[in-house]
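In what follows, a single structure is set out as structure tokens and then discussed.
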Amino acid sequence: MPKRDNITDVFVIGGGVNGCGIARDAIGRGYSVFLAEMGDLASGTSSAATKLIHGGLRYLEYYEFRLVHEALAEREILWAMAPHIIWPMRFVLPHHKGLRPAWFLRLGLFVYDHLGARKLLPPTRTIDLRSDPIGRPLKAGYSKAFEYSDCWVDDARLVALTARDAADRGAIIQTRTKVIGATRENGIWTIKLQNLDTNLKGSVKARLLVNAAGPWVDDVIRQALGQNEAHHVRLVKGSHIVVRKLYEHDRAYFFQNKDGRIIFAIPYERDFTLIGTTDQDFTGDPHGIRISDEEQAYLLAAASEYFEKPVTVADIVWSYAGVRPLYDDHASKAQEATRDYVIRTEGDPTSGAVINVFGGKLTTHRRLSEEVLGHIEKLLGARGKPWTKGSKLPGGEFGPREFDVQVDRLNELYPSLPDRLLRRLARQFGTRAATLLGAARRMEDLGEVFGADLTRREVDYLVENEWARTAEDILWRRTKLGLRVGLNDKARLETYLASRSSKGKK
Ligand code: FAD
């Protein structure tokens with residue numbers, strides 16, 4: 001790892017949505033930026049979400065008006081910023097006799113429709129489930145539902161594209177690089193790093209440290225900064241299951257459960273339905289956490305309460321789990337803990353300052369980054385103005401309603417390539433899909449196929465442009481082709497990646 005003698009303005013710990021968002025905003029305002037991520041980008045919580053850009057309807061029940069207001073307004077801003085990986089979705093909330101009354105749901109949705117800026121997303125409507133085809137997959141007892149708007153996001157790609165944009169603007173992004181210590185002298189931090197692939201150690205000097213380590217934020221304060229008494233986050237585990245597609249239409253369902261919690265059933269990756277999430281307090285290291293049998297049973301039972309055809313273990317094709325790094329507001333139940341974020345600065349420019357980030361959501365990461373930048377400006381002096389509202393992420397340089405135009409354009413440019421592949425690439429890479437495909441005209445021009453429609457050309461692009469190193473990075477975070485690629489193909493991909501990286505080292 002190269003040792004850098006020059007002093008970076010802002011050193012960010014953590015390559016999740018918040019760390020990458022802060023790095024992007026800071027480099028765009030003229031600070032020099034170095035970001036270290038110990039695993040892959042989005043390998044923590046930021047790839048384990050329900051993947052909604054939403055105001056959070058149920059947070060209204062906990063009077064989180066500030067958060068809901070801010071999050072609602074972010075929906076259309078983020079959709080415009082990355083219309084390839086973020087798009088509107090309609091949510092169907094069936095009224096369940098014996099649970100929240102219909103007038104209560106309608107009131108909540110009225111507030112939801114009017115609390116945040118909503119120009120393009122359609123408002124709430126009432127549905128008669130007995131006559132509307134949307135009611136068909138549900139049990140006959142459900143007669144009335146409300147349909148409202150939020151957005152969907154590919155969470156892991158949001159992180160990769162945010163990092164890409166930060167790097168395009170000059171930020172240094174190093175993955176597989178853990179911060180193992182940080183000391184300050186005369187206002188300058190020396191940050192000790194270890195490359196977890198090679199075990200090589202090095203250090204970087206910086207004026208300011210931003211701790212955006214998500215679930216590990218307290219660990220960084222304790223282990224890297226040496227403050228033993230840090231207990232600011234409450235870790236709340238959430239798990240999801242992916243099942244074979246349960247219905248044909250494009251709406252998501254929002255189901256209320258008898259315990260007061262809610263779950264979603266969402267159309268996922270064309271052929272699947274995503275069901276989640278659970279809410280359970282968690283202690284320990286979140287690395288490699290998995291859904292428990294109890295959570296799996298809870299999700300299957302909750303979905304089967306609504307769907308005509310029961311959802312069973314046999315339907316499950318994949319599951320994932322993550323932990324929410326929530327700011328600990330000492331709420332009694334996990335689902336009641338605040339989803340809002342808290343930013344705390346410790347120290348000053350003469351002694352060396354650290355900004356700790358607690359909590360936050362995918363939806364509010366841009367606003368959280370702006371708030372962190374407010375702290376950075378106080379410490380280092382202002383350089384540029386807020387700029388990310390109205391900006392574009394790589395590949396998102398088209399209008400929010402122009403996705404199909406992008407697909408048509410690709411079909412015109414590449415008439416011999418399968419429409420299904422072009423549509424997937426347009427979703428993942430937006431306008432950069434054409435950069436990836438270049439002069440290729442036929443499938444054979446894209447090189448070896450590693451299962452499904454994953455080609456060598458795409459793999460090379462992801463390694464060269466998006467920090468992908470392993471089959472896991474490619475199959476589960478840069479794409480979701482893990483749902484379609486078998487073990488033999490995965491092994492071939494691993495062999496290819498290994499040969500590629502050993503060539504790179506020569
Ligand atoms: P992370 O993504 O965890 O990133 C922190 C990173 O820091 C990690 O990648 C980690 O490897 C790295 N790191 C830690 N220590 C070190 C170190 N010493 N050196 C270097 N790197 C280090 N939000 C929404 O808006 N919509 C949703 O639908 C939604 N659903 C959710 C569902 C679930 C089940 C969960 C768990 C969360 C959900 N969220 C949702 C919340 C959202 O996913 C998180 O708030 C967000 O991803 C947190 O991002 P982060 O960057 O703070 O943390």
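Keep in mind it's a predicted model, so treat the numbers as computed, not measured. Both ligands and their constituent atoms are indexed starting at 1 by order of listing.
For Tyr253, the ring pair (Phe, Tyr, Trp, His ring centres under 6.0 Å) criterion is met by Tyr247, His249, Phe255, Phe307, not counting sequence neighbours. The salt bridge (charged side-chain N to carboxylate O under 4.0 Å, His left out) search around Arg324 returns Asp279, not counting sequence neighbours.
The shell of residues lying under 4.0 angstrom from ligand 1, judged by heavy atoms, includes His54. Contact analysis leaves Ala224 out of contact with ligand 1, as no non-hydrogen atom separation drops below 4.0 angstrom.
The CZ atom of Phe429 lies 4.5 Å from the CG atom of Leu462; values are rounded to the nearest 0.5 Å. Here the straight-line distance linking atom NZ of Lys237 with atom CZ of Arg290 works out to 10.0 Å at 0.5 Å rounding.
Judged by distance alone, the side chain of Trp387 and the main-chain N or O of Asp25 form a donor-acceptor pair under 3.5 Å.
Distance from atom 1 (P) of ligand 1 to its nearest protein heavy atom, with residue and atom name: Thr45 N, 3.6 Å. The single protein non-hydrogen atom nearest to atom 4 (O) of ligand 1 is Gly16 CA, 3.4 Å, given as residue, atom name and distance. The protein heavy atom nearest to atom 30 (N) of ligand 1 is Thr50 N, 3.0 Å. At the shortest separation from atom 25 (O) of ligand 1 among protein heavy atoms lies Thr363 OG1, 2.7 Å. The nearest protein atom to atom 7 (O) of ligand 1, hydrogens excluded, is given as Gly14 CA, 3.2 Å; this is a heavy-atom distance. Here the heavy atom of the protein found nearest to atom 20 (C) of ligand 1 is Met38 N, 3.3 Å. Of all protein heavy atoms, the one lying nearest to atom 11 (O) of ligand 1 is Glu37 OE2, 2.6 Å. The closest protein non-hydrogen atom to atom 51 (O) of ligand 1 is Asn18 N, 3.1 Å.
Relative to the six-membered ring of Tyr320, Lys51 meets both conditions, a distance below 6.0 Å and an angle of at most 45° to the axis. Taking the centre and axis of the six-membered ring of Tyr341, the NZ or CZ atom of Arg66 falls inside the cone set by 45° and 6.0 Å. Taking the ring centre of Trp87 as origin, the terminal cationic atom of Arg427 falls inside the region bounded by 6.0 Å and 45° from the ring axis.
The distance criterion of under 3.5 Å between nitrogen or oxygen atoms is met by Val17 with respect to ligand 1. Checking only distances, Lys178 never comes within under 3.5 Å of ligand 1, N or O to N or O. Where the criterion is an N or O separation shorter than 3.5 Å, residue side chain and backbone included, Leu52 meets it with respect to ligand 1. The shortest N/O to N/O separation between Trp216 and ligand 1 does not fall below 3.5 Å. Checking only distances, Asp40 never comes within under 3.5 Å of ligand 1, N or O to N or O.
Interface of Val323 with ligand 1, defined as ligand atoms under 4.0 Å from a residue heavy atom, comprises 36 (C). For ligand 1 and Gly322, the ligand atoms under 4.0 Å from any heavy atom of the residue are 36 (C). Taking every non-hydrogen atom of Thr177 and a distance limit under 4.0 Å, the qualifying atoms of ligand 1 come out as 20 (C). Atom numbering of ligand 1 starts at 1 in the shown order; those under 4.0 Å from a heavy atom of Ala36 are 20 (C), 21 (N). Close approach of ligand 1 to Val179 is summarised as follows: ligand atoms under 4.0 Å from at least one heavy atom of the residue are 17 (C), 18 (N), 19 (N), 20 (C). Using a 4.0 Å cut-off to heavy atoms of Ala48, the atoms of ligand 1 that qualify are 33 (C), 34 (C). The His240 neighbourhood of ligand 1 comprises atoms 34 (C), with distances under 4.0 Å to a heavy atom of that residue. Within the listing of ligand 1, atoms 44 (C), 45 (O) sit less than 4.0 angstrom from a heavy atom of Gly360.
Using cut-offs of 30° and 60° on the angle between ring planes, the pair Tyr306 and His96 is perpendicular. Under the 30°/60° scheme for interplanar angles, the aromatic rings of Phe264 and Phe254 are found to stand perpendicular.
Residue contacts with ligand 1 for Ser47 are absent, since no atom lies close enough (heavy atoms, distance under 4.0 Å). Contacts with ligand 1 closer than 4.0 Å are made by side-chain heavy atoms of Thr277 only, the backbone lying farther away. Under 4.0 angstrom from ligand 1, there are no non-hydrogen atoms of Val159.
Inspection of the Arg244 and Thr273 side chains reveals no N or O donor paired with an N or O acceptor under 3.5 Å. Between the side chains of His240 and Thr50, a donor-acceptor pair is found at a separation under 3.5 Å. Using modelled atom types and a 3.5 Å distance limit, the side chains of Glu64 and Thr338 yield a donor-acceptor pair. Counted by atom type alone, Arg477 and Ser47 present zero donor-acceptor pairs between their side chains at under 3.5 Å. Counting only N and O atoms by type, the side chains of Thr162 and Asp165 include no donor and acceptor under 3.5 Å apart. Checking Arg118 against Tyr112 by side-chain atom types alone, no donor-acceptor pair falls below 3.5 Å.
Taking only non-hydrogen atoms, the option from Ser46, Cys20, Gly15 nearest to atom 47 (O) of ligand 1 is Ser46.
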